[in-house]
Amino acid sequence: MAEVTTRQFVPASQASIQDTQLRQALQRAGSGFDGTRREAIAEVTPEVWEGWREQARRIKEHTIANLDYYLAMLERNVAAAGGQVHFAADARQANAIVSEIARARNVNVITKSKSMVSEELGLNHVLEAQGIEVFETDLGEYIIQLAQETPSHLVAPALHKTRGQVARLFADRLGVPYSDDIEEMARVARVALRQKFLDADMGISGANFLVAETGTLVIITNEGNGRLCTSAPRIHVGLAGMEKVIPSLPDLAVFLRLLPRSATGQRISSYVSMVTGPRRPDDEDGPEEFHLVIVDNGRSRLLRDPALRESLYCIRCGACLNVCPIYQRVGGHAYGWVYPGPIGSIVTPALVGVAQAKDLPNASTLCGACRDACPVQINIPRMLLHLRHNLAEGTDAYQRTASDTDALLARGFAAVMSRPPLLRLGRKVGRALLKPLANNGMLGRVRLPFLSRWTGARDLPVPPARTFREIWRDELSQGGN
Ligand code: SF4
């Protein structure tokens, strides 16, 4: 499995916030993606958009509730089309399956199109350790492979890199003259990869969807590399998490409307590739063998937990990352594993172990922007709260993370917030105590227990002189509107 550094979330995010180049790259990409997403959604009426979201949600609810049935249907139909399905319980098994397919067929060179699951498995390192050359061919993945980094976004893996950083990387690693012209950089990558496509014995791809009724693997991309990976080499191996299955082609049509709009603001992506088995006798091209590796690797834990099951509805569009105030400041690498952002903060603890990732459910302001943006209406804030609750209370498989002091404070906070007279008194006392320490109504760094951790990174407003209720009441009594 890919290296897990989720325990480092707090120091890693503090370091990211200091990185001005990263902040610029995140801001540019985040507002760009979110802006085009909003424009694309505005092309249809709100009723139409919400109708699509509800349809998608219903399809996912139904499929995940009947996952065993649809996985069995998918397996039958892949086999009927001449392919083979392999089920992998964990990363070790998935890597062993792909390694064995490659070893038994004397594979020396592999080209890959984008696959977050292969990142999750750490597959490249496993294959390279066996002497196999592995080339990422998605431009973003190619960039991070050259930089020996990991993806920082679900859709745009090299989003954290500025144009100048990529130009410098190409000059250093490929020996080409420095140029930060995007077309020129794309041309350089194309030239570097062309021979690899011709040399490859095996192509590995991810899958955006797996259609059970036809046994079809669907890839949605903006680069032609996916098609070359799945059709030029003699063997094609598709990798997918088990939640990627959907029942039918009409269901696919719903997601084809939602995914490109939510991911990149496109009505449709440049390529929608549908692979059903290996080449047939009368096909002009295509692989001789098709293998589909369906990966669990912790997803069953999400499936078993009714409170977290809806995280399996995710179609990895990245929209929640682009609107998340935390992701937009710390970037993807701070999260310490493959799936960053709001949805990553739910999926990662389940897949790598809660003890490894206990800070992630707290990496959210619970503002709800992720839920509003999600094309499948996934209630991310509710699941984050559920995880926080389990961690604070130490329920079931969760190790308690709250100290006795934190627990006492939380109980005190809850008691005050649920009793208006106490809240009013607390505001008055808090204001009287804190106002002398404040500057323009704000407290800067305060070296007092409990307050120092908050004020070390942000200002703390002094409780106001009048509450919202008082202002409202006074305005009304003065005839305001
Ligand atoms: S949770 Fe929703 S918005 Fe976030 S990546 Fe998944 S589908 Fe997209």
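Ligands are counted one by one from 1 in listed order, and the atoms in each one are counted from 1 as well.
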Pair listing, salt bridge (Lys or Arg N to Asp or Glu O under 4.0 Å) test, anchored in residues 257-278, at least two apart
Glu43-Arg267

I need the full list of salt bridge (Lys or Arg N to Asp or Glu O under 4.0 Å) pairs touching residues 368-385, with sequence neighbours left out, sorted by first then second residue.
Glu310-Arg382

Does Pro375 have a non-hydrogen atom less than 4.0 Å from ligand 1?
yes

Tally, protein N/O/S atoms nearer to atom 4 (Fe) of ligand 1 than 2.8 Å:
1

How close do Pro278 and Gly83 get, heavy atom to heavy atom, and via which atoms?
CD-N, 3.8 Å

May I ask you to test the Phe87-Gln93 pair for a side-chain heavy-atom distance under 4.5 Å?
no

Take atom CD in Glu100; do more than 12 heavy atoms of anything else shown fall under 6.0 Å from it?
yes

Partners passing salt bridge (charged side-chain N to carboxylate O under 4.0 Å, His left out) against Glu128 (at least two apart in sequence or in another chain)
none

